[in-house]
Amino acid sequence: MASVGPSTASTQPALPSGPAVFKTIPYAFMLPEIVCGTWVWILVAATSVSLPLLQGWVMYVSLTSCLISLLLLLSYLLGFHRNSENWKVLDSLYHGATAILYMSAAVLQANATINSEFSFDSPLYYQLNSAASFFAFLTAFLYILHAFSIYYQ
């Protein structure tokens, strides 16, 4: 009698649902992405926004990314994905595109920080812009980690 090998069923790991989302890489990055992105938006909004074109883009990217990431996280928590491979592709494309957008926003925020260093406004605005730059680069890094770690599952 011939031995039967492992089943030919898909060996892909199941997509997490519920609280398991917070224990599984790369999905565990989603909550820090949302928190850091929220800090970017709060810190930029707390400044005088002396360069509205630059910092407007930063606020748009951070707020939009936070909202979409929150919806994606809720969909994973509630199990809307139903373990479909299409969700992996959607997740990878979203986080890859958002990483690029966040990197552009972080560079623009760093430029706004440099410009605010020499303004006669309160030094508090420079400190807020510096913190916003830090969190923008940190958030971009988290989105990059999320996008690439999907391939190494």
Side-chain angles (χ1 to χ4, degrees), residues 6-114 116 124-153:
S7 72
T8 58
S10 174
T11 58
Q12 293 288 331
L15 294 174
S17 292
V21 171
F22 299 115
K23 299 175 187 173
T24 309
I25 299 290
Y27 308 102
F29 292 131
M30 293 179 84
L31 193 59
E33 291 165 1
I34 293 168
V35 170
C36 290
T38 303
W39 272 111
V40 172
W41 183 76
I42 290 169
L43 289 167
V44 172
T47 66
S48 64
V49 188
S50 57
L51 301 165
L53 189 60
L54 300 180
Q55 291 179 303
W57 175 249
V58 175
M59 291 180 76
Y60 171 76
V61 169
S62 63
L63 186 59
T64 304
S65 300
C66 280
L67 292 175
I68 295 173
S69 292
L70 184 62
L71 289 174
L72 193 59
L73 177 63
L74 288 174
S75 67
Y76 279 120
L77 287 173
L78 298 175
F80 289 148
H81 55 75
R82 296 191 178 134
N83 210 17
S84 171
E85 284 296 312
N86 294 335
W87 279 84
K88 269 188 171 178
V89 174
L90 171 76
D91 191 82
S92 178
L93 289 175
Y94 166 70
H95 282 88
T98 305
I100 293 168
L101 293 175
Y102 239 109
M103 188 56 74
S104 71
V107 169
L108 291 175
Q109 180 57 38
N111 186 7
T113 301
I114 292 168
S116 71
L124 175 66
Y125 291 149
Y126 174 71
Q127 294 166 351
L128 290 171
N129 280 324
S130 297
S133 295
F134 171 77
F135 279 108
F137 279 107
L138 179 63
T139 307
F141 180 67
L142 287 170
Y143 276 105
I144 290 168
L145 278 178
H146 189 128
F148 280 114
S149 62
I150 289 176
Y151 295 112
Y152 297 112
Q153 275 186 326

Using 0.5 Å steps for rounding, measure from the CZ atom of F134 to the OG1 atom of T139. 9.0 Å

With rounding to the nearest 0.5 Å, note down the distance linking CG in L142 to CE in M30. 12.0 Å

Indicate whether the side chain of T113 and that of S133 have a donor and an acceptor atom separated by less than 3.5 Å. yes

When rounded to the nearest 0.5 Å, the distance separating OG of S149 from CD1 of I144 is 11.5 Å

Would D91 and Y76 count as a side-chain contact (heavy atoms from CB on, under 4.5 Å) here? Give the steps. CA-CA 11 Å; D91 191 82; Y76 279 120; 3.5 Å; yes

For side-chain contact (heavy atoms from CB on, under 4.5 Å), just list the numbers for F141 and M103, CA-CA rounded to whole Å, side-chain angles, deciding distance to a tenth of an Å, and then say yes or no. CA-CA 8 Å; F141 180 67; M103 188 56 74; over 6 Å; no

Grab the two heavy atoms, one from A132 and one from V44, that are nearest each other, plus how far apart they are. CB-CG2, 3.8 Å

Looking at every heavy atom in both C66 and T38, which two are closest together, and how far apart are they? SG-N, 3.3 Å

What's the verdict on side-chain contact (heavy atoms from CB on, under 4.5 Å) for F135 and S62, showing C-alpha distance, side-chain angles and the deciding distance? CA-CA 10 Å; F135 279 108; S62 63; over 6 Å; no

If I compare all heavy atoms of Y102 with all of G37, which pair ends up nearest, and what's the gap? OH-CA, 3.2 Å

Once you round to the nearest 0.5 Å, how far does CH2 of W57 lie from CG of L108? 9.0 Å

Starting at CE of M59, measure out to CG of L43 and round the result to the nearest 0.5 Å. 10.5 Å

Closest approach of Y125 and T47, non-hydrogen atoms and distance? CD2-CA, 3.7 Å

From L73 CG over to E33 CD, what is the distance, rounded to the nearest 0.5 angstrom? 9.5 Å

All heavy atoms of A105 vs all of V58, minimum pair found to be O-CG2, 3.2 Å

Do any N or O atoms from the side chain of T98 and from the backbone of H95 form a donor-acceptor pair under 3.5 angstrom? no

Using the rule given for side-chain contact (heavy atoms from CB on, under 4.5 Å), can you reason through L101 versus S65, listing the C-alpha separation, both sets of side-chain angles and the distance that settles it, and then say yes or no? CA-CA 9 Å; L101 293 175; S65 300; 5.9 Å; no

